[in-house]
Amino acid sequence: MLITFEGIDGAGKTTQVNLLEGYLKEKGLKVVVRREPGGTEVGEKIREILIRERVNPKAELFLLLASRSELVEEIRSFLAEGTVVILDRFVDSSVAYQGFGRGIDPSLVEKLNEFATGGLKPDVTFYLDVGVDVALERKGKAKDRFEEREFLEKVRQGYLEIARREKERFVIVDGTLPPDEVHRIVVLELEKRWMRC
Ligand code: TYD
């Protein structure tokens, strides 16, 4: 099973990824966690570039896709041996950030994602929804940075749009709830889905 967590910066993805990893391992499952951008040796180098350099939106997208393509090879082999893979961001981040956020046609981003991943899609995606004010406050960033506010608002609306289109895969969780409550919702949802399989 491939499980992804998505959300704007400060939504609390990383906390939830760690809680879920612990829970599934306690249940005796084999679990690996990877983050994007990054996750592989080359991917982590690409992450460094993305963090350090200012690149134009198209170049940014291609770097992200290169990192993703490397990671997907690894993910496929984990999935083939029955390991549960949890990803902190995946394909939907590019549609939300580079597509809806930076203004690249979201359907083009989707096509490029498909090319980079060979069509690999998450079985379930937990989208942790928080308002931009909450996100910026959690990150300790000033609320009045208009540019960042406006950008994150577009990204958030983008995620909500993807969720509307991908109702079966996407689970929207209120990211303002306490972390253990969010974790409980995630676990209940997974159990529900596992029972259906
Ligand atoms: P991340 O490490 O998840 O940051 P955080 O923990 O603060 O959410 O992601 C780093 C940044 O990379 C984040 O601002 C989102 C961005 N990003 C994209 O713009 N597109 C993508 O496809 C991915 C994977 C990340």
Side-chain angles (χ1 to χ4, degrees), residues 2-21 33-40 42-72 74-75 85-117 120-122 125-142 145 147-163 166 170 173 175-176 179 182:
L2 175 58
I3 304 166
T4 63
F5 282 84
E6 295 283 352
I8 59 174
D9 315 59
K13 291 174 289 91
T14 310
T15 307
Q16 291 306 319
V17 165
N18 293 338
L19 285 173
L20 183 62
E21 181 189 18
V33 171
R34 292 290 182 272
R35 66 172 178 181
E36 270 212 350
T40 60
V42 171
E44 289 297 325
K45 286 180 185 157
I46 294 176
R47 184 186 179 90
E48 288 284 295
I49 299 175
L50 285 165
I51 290 170
R52 284 216 192 112
E53 315 289 338
R54 270 193 98 82
V55 289
N56 73 55
K58 284 185 196 170
E60 184 180 60
L61 176 60
F62 283 117
L63 286 168
L64 287 158
L65 292 168
S67 162
R68 182 162 304 140
S69 173
E70 281 288 306
L71 182 62
V72 161
E74 207 189 56
I75 296 172
V85 180
I86 308 175
L87 296 181
D88 191 336
R89 296 193 182 283
F90 192 45
V91 284
D92 302 303
S93 282
S94 300
V95 180
Y97 279 80
Q98 281 63 52
F100 288 95
R102 301 258 179 246
I104 300 174
D105 176 5
S107 62
L108 174 63
V109 179
E110 270 170 21
K111 283 198 196 100
L112 291 169
N113 264 336
E114 222 178 293
F115 177 61
T117 62
L120 181 69
K121 278 236 166 169
T125 297
F126 292 99
Y127 167 61
L128 309 184
D129 187 47
V130 297
V132 172
D133 280 341
V134 173
L136 289 176
E137 205 154 288
R138 283 185 183 171
K139 286 264 158 188
K141 290 182 180 168
R145 276 190 54 194
E147 242 179 54
E148 182 150 14
R149 272 198 67 86
E150 199 187 29
F151 173 66
L152 287 179
E153 194 53 58
K154 284 191 213 160
V155 175
R156 182 182 182 213
Q157 292 309 322
Y159 272 126
L160 293 170
E161 176 64 36
I162 306 170
E166 302 236 20
F170 253 71
V173 186
T176 63
V182 173

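For the numbers below, each heavy atom of this structure counts, side chains included, while hydrogens, waters and symmetry mates do not. Each ligand, and each atom within it, is numbered from 1 in the order the structure gives.
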Sub-4.0 Å atoms of ligand 1 with respect to non-hydrogen atoms of Ser94: 21 (C), 22 (O)
Residue, atom name and distance, where the atom is the protein heavy atom closest to atom 23 (C) of ligand 1: Ser93 CB, 3.5 Å
Pairs where residues 54-66 contributes a residue and the test salt bridge (charged side-chain N to carboxylate O under 4.0 Å, His left out) is met, not counting sequence neighbours: Glu60-Arg102
Shortest protein heavy-atom distance from atom 11 (C) of ligand 1, along with the residue and atom involved: Asp9 OD2, 4.3 Å
Enumerated ligand 1 atoms positioned under 4.0 Å from heavy atoms of Lys13: 3 (O), 6 (O), 8 (O)
Identity of the nearest option to atom 4 (O) of ligand 1, non-hydrogen atoms only, from Glu60, Glu6, Arg89: Arg89
Atoms in ligand 1 flagged as close to Arg68, the criterion being non-hydrogen separation under 4.0 Å: 22 (O), 24 (C)
Per-atom contacts, ligand 1 versus Lys139 - under 4.0 Å to a heavy atom: 5 (P), 7 (O)
Lys/Arg-Asp/Glu bridge criterion (N-O < 4.0 Å) met for Asp133, Arg149: yes
Test item, Arg35 contacting ligand 1 (heavy atom, 4.0 angstrom): no
Numbered atoms of ligand 1 (with element) below 4.0 Å of Glu36, judged on heavy atoms: 24 (C)
Thr117 side-chain N/O to Asn113 backbone N/O, donor-acceptor pair under 3.5 Å: yes
For atom 12 (O) of ligand 1, the protein heavy atom that lies nearest, with its residue and separation: Pro37 CD, 4.0 Å
Donor-acceptor under 3.5 Å (Gln16 side chain, Pro179 main chain): yes
Passing option when Phe5 is tested against Phe126, Tyr159, Tyr127 for ring pair (Phe, Tyr, Trp, His ring centres under 6.0 Å): Phe126
Close approach, Arg102 and ligand 1, non-hydrogen under 4.0 angstrom: no
SB check Arg35 Glu44 (cutoff 4.0 Å): yes
Check: Leu128 main-chain N/O paired with Glu6 side-chain donor or acceptor under 3.5 Å: no
For ligand 1, the portion of Leu64 having any non-hydrogen atom under 4.0 Å away: side chain
Asp88/Arg34 salt bridge by N-O under 4.0 Å criterion: no
For Arg47, atoms of ligand 1 separated by under 4.0 Å from a heavy atom: 2 (O)
All side chain to side chain contact (heavy atoms under 4.5 Å, CB included) counterparts of Glu166, not counting sequence neighbours: Lys121, Ile162, Arg169, Phe170
Atom 19 (O) of ligand 1: the protein heavy-atom neighbour that sits closest, reported with distance to 0.1 Å: Gln98 NE2, 2.9 Å
